[in-house]
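In what follows, a structure is listed as C-alpha cells, so that the remarks can point back to it.
It should be emphasised that the depicted structure is a prediction, and the values quoted were computed from it without experimental measurement. Side-chain atoms are counted along with the backbone in the values below, which use heavy atoms only and exclude waters and symmetry mates.
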Amino acid sequence: MPAAAETYESTITAMDRTILHVDMNNFFASVEIRDNPSLGGYPVAVGGDEEARHGIILAKNYRAKAYGVKTAEPIWEAKRKCPQLVIVKPHYEKYEEAMLESREILKTYSDRVEPFGMDEAWIDISPYAPSAKAGEEIAGEIREKYRKQLGLTASVGVSFNKTFAKLGSDMKKPDATTVITQENFREKVWILPVEELLFVGARTKEKLNKRGIITIGELANADKRLVHAWLGIGGDMLRAHANGLDFDPVMPTGSENAIKSIGNSSTPPRDMHSERDALSLLQALSELVAERLRRHGLMCSTVVLSVRDNALSCFERQMRLPQPSCISIELRDAAMKLLRDNYDWKRPIRSLGIRGCALTSALEPMQLSFFTDNADRDKRLTIERTVDAIRKKHGKSAMSLGTAAYIRELGKLPENEGHPMSVFNMRV
C-alpha cells in the first residue's frame, strides 16, 4: 500500500476523495446471534428486561423487522406484532470487543478512520483508491474480512464525501456495497425522501414537508434564501450537502486523543431567576456534553461550570468527579453543586455552560469505588446509550430525559418541580 498519508493534504482535493462509510448490519442483534447460532432461525431483538413492560427494543434482526418490529418501541408492543420474538439482554462488553476488532481492520487500509457510533465509521482511502471502482473493490475486501474475521456483515457506501457515503451504506442491506459518484448522485440521491439525508431529523423533516420539500432533490433545488429562513445556518448546510457540497474531512485515527475538553453553553430566550430554571438548562447541556463524550469514546474527570449574569459578569468554577464519567446526570449534578456553592442569585443568570475536562478513554480500565453504586451507574449508562441509539435513528428530538425532581447528593428541590430522573418523554 503506498505510503502517501503524509502528503495527503497536498495531493487530494476535496472533490477527488474516495470515502467509505462502513455500517455493521443489525450490530447488537448480529453479535448475539453469532455467539448463539441457535437464535439464527428466529426473529431476535436486543432489549431490556422482558418482564418490565416499559423495556424497549434496542436492536433487531431482519426476521424481526419483517414483522414490523422497530427500534425504540416498547417490548410489549413488539411482542404483540411478533409473538415468537426472542428478546436477548444486551452485552455491551461483546459489542465493544467487536467494535475494536472492526476498527483494527479498517486501520489496515488508511490512517483516517472516524467512528460514528459503535457500529459505523468513515474511512478515507483516497490515496489508495483514486477511482470509484477501486473504492468499490476495497469495500468488498472489507466486507469479506468482516465476515471471516468477525463473523458479522456490513453494508458499505462509497462516495466522494461523507454525507453520500453514509447515505450509500443505508441504501442496500445487508452485506452490500453502494457507489455514489459525482456523475450519478442526482439520479440516485435526489429521488430519496429528505429524511434520508444525514442530520435531517423528525422535526426538520416536518418543517420541510410543510413547505413542499419532500425529496432530497427538492431540497437541493430550493431557493437558498428560503431554506435559510426556514432552518437558519443548519439549513444552509443541509442544502449544500444535498448538492454534494460536503467538504468535511475524515479525521485521522487517534485525533480524539487531541481533544482537550468537550463542552456546550446556551443563552436561553429569557433570563434564569431560580434553581429550577438553571436545573432545566444544565440537564439539557449535560446531555449534549455526555453524548459527545460517548461518541468520541471518552470520559471526563473534571466538570467546569461557566456562569454569566444579566450584567454580563462571568466566572468559571470546576470540580473533580469521584470517577471519570460520560453520564449526563453525574455531569449535571456536579454543575448544579458548583452553581449552588458559588452563586447567590442577586442577579438573574443570562447564560450557562458545562465543559468536561481531563479526558480519558472510555475503554481504559477504571478503579472502582467502594462508595459508589457501580451497578446503578451501569444502568444509567445503559439508559443513556439507549437514548443515543434512538436519537441516532429517529432524530435528536425523538426522546429526552426527564429533569430530576431532586439531586440526591445535593438535597431536594420542591416536590412539585419535576419528575424522577428515570422518567422519559417519548416522541417517536
Side-chain angles (χ1 to χ4, degrees), residues 259-294 298-360 369-373 376-377 380-381 383-384 387 396-397 399-425:
I259 300 173
K260 301 300 182 184
S261 66
I262 289 179
N264 278 92
S265 61
S266 179
T267 302
R270 62 179 179 83
D271 291 344
M272 290 165 278
H273 294 265
S274 68
E275 285 187 357
R276 179 183 182 181
D277 294 339
L279 179 61
S280 297
L281 181 57
L282 290 176
Q283 173 73 48
L285 293 173
S286 297
E287 287 184 37
L288 291 170
V289 173
E291 187 276 331
R292 290 172 61 199
L293 286 167
R294 292 190 294 272
L298 298 170
M299 297 186 292
C300 68
S301 296
T302 300
V303 170
V304 180
L305 172 73
S306 60
V307 179
R308 174 176 298 193
D309 65 27
N310 68 345
L312 303 185
S313 177
C314 309
F315 71 86
E316 284 192 349
R317 297 291 184 270
Q318 67 179 39
M319 69 176 289
R320 191 164 184 85
L321 298 173
Q323 292 177 280
S325 178
C326 57
I327 300 172
S328 68
I329 292 172
E330 294 181 352
L331 307 189
R332 180 210 63 196
D333 287 3
M336 193 67 194
K337 184 177 191 316
L338 287 168
L339 182 65
R340 285 182 166 178
D341 289 349
N342 294 281
Y343 199 67
D344 58 14
W345 291 100
K346 289 182 178 178
R347 293 193 188 101
I349 291 177
R350 182 78 182 99
S351 66
L352 289 171
I354 295 178
R355 196 164 74 250
C357 302
L359 306 182
T360 58
S369 170
F370 288 111
F371 304 103
T372 301
D373 186 341
D376 185 56
R377 292 189 85 231
R380 289 187 187 183
L381 184 56
I383 288 171
E384 297 197 16
V387 174
K396 293 290 186 182
S397 62
M399 174 181 280
S400 60
L401 285 163
T403 302
Y406 59 89
I407 302 171
R408 283 179 296 206
E409 295 85 349
L410 305 179
K412 290 190 176 183
L413 292 174
E415 290 290 339
N416 62 349
E417 293 205 357
H419 302 283
M421 61 180 65
S422 61
V423 169
F424 288 89
N425 294 319

Report the residue from L359, L381, L298, I262 that forms a side-chain contact (heavy atoms from CB on, under 4.5 Å) with C326.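 It is L381, the one option of L359, L381, L298, I262 that forms the side-chain contact (heavy atoms from CB on, under 4.5 Å) with C326.
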[X] versus [Y]: any side-chain heavy-atom pair under 4.5 Å?
X: I354; Y: V303; answer: yes
X: C357; Y: C300; answer: no
X: R270; Y: D277; answer: yes
X: L281; Y: P268; answer: yes
X: Q323; Y: E330; answer: no
X: M336; Y: E275; answer: yes
X: T267; Y: R308; answer: no
X: E287; Y: E384; answer: no

Could you tell me whether K337 and D341 have a side-chain N and a carboxylate O separated by less than 4.0 Å?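 Salt bridge flag = yes for D341 with K337.
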Looking only at heavy atoms, which two atoms of [X] and [Y] are closest? And how far apart?
X: D271; Y: H273; answer: O-CD2, 3.4 Å
X: Q283; Y: S328; answer: NE2-OG, 4.1 Å
X: L339; Y: V307; answer: CD1-CG2, 4.0 Å
X: P324; Y: T360; answer: CB-OG1, 4.1 Å
X: L293; Y: L331; answer: CD1-CD1, 4.1 Å
X: A290; Y: I327; answer: CB-C, 4.1 Å

Is the side chain of [X] donor-acceptor paired with the backbone N or O of [Y] at a distance under 3.5 Å, no angle test?
X: S325; Y: L321; answer: no
X: S313; Y: D309; answer: no
X: R332; Y: L279; answer: no

[atom1]-[atom2] distance between [X] and [Y], expressed to the nearest 0.5 angstrom:
X: L338; Y: L305; atom1: CG; atom2: CG; value: 5.5 Å
X: I349; Y: Y343; atom1: CD1; atom2: OH; value: 5.0 Å
X: S266; Y: L352; atom1: OG; atom2: CG; value: 8.5 Å
X: S306; Y: F315; atom1: OG; atom2: CZ; value: 9.0 Å

Applying salt bridge (charged side-chain N to carboxylate O under 4.0 Å, His left out), which residue pairs with at least one partner in residues 311-323 are found, sequence neighbours left out?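 Of all non-adjacent pairs touching residues 311-323, those that pass salt bridge (charged side-chain N to carboxylate O under 4.0 Å, His left out) are E316-R355.
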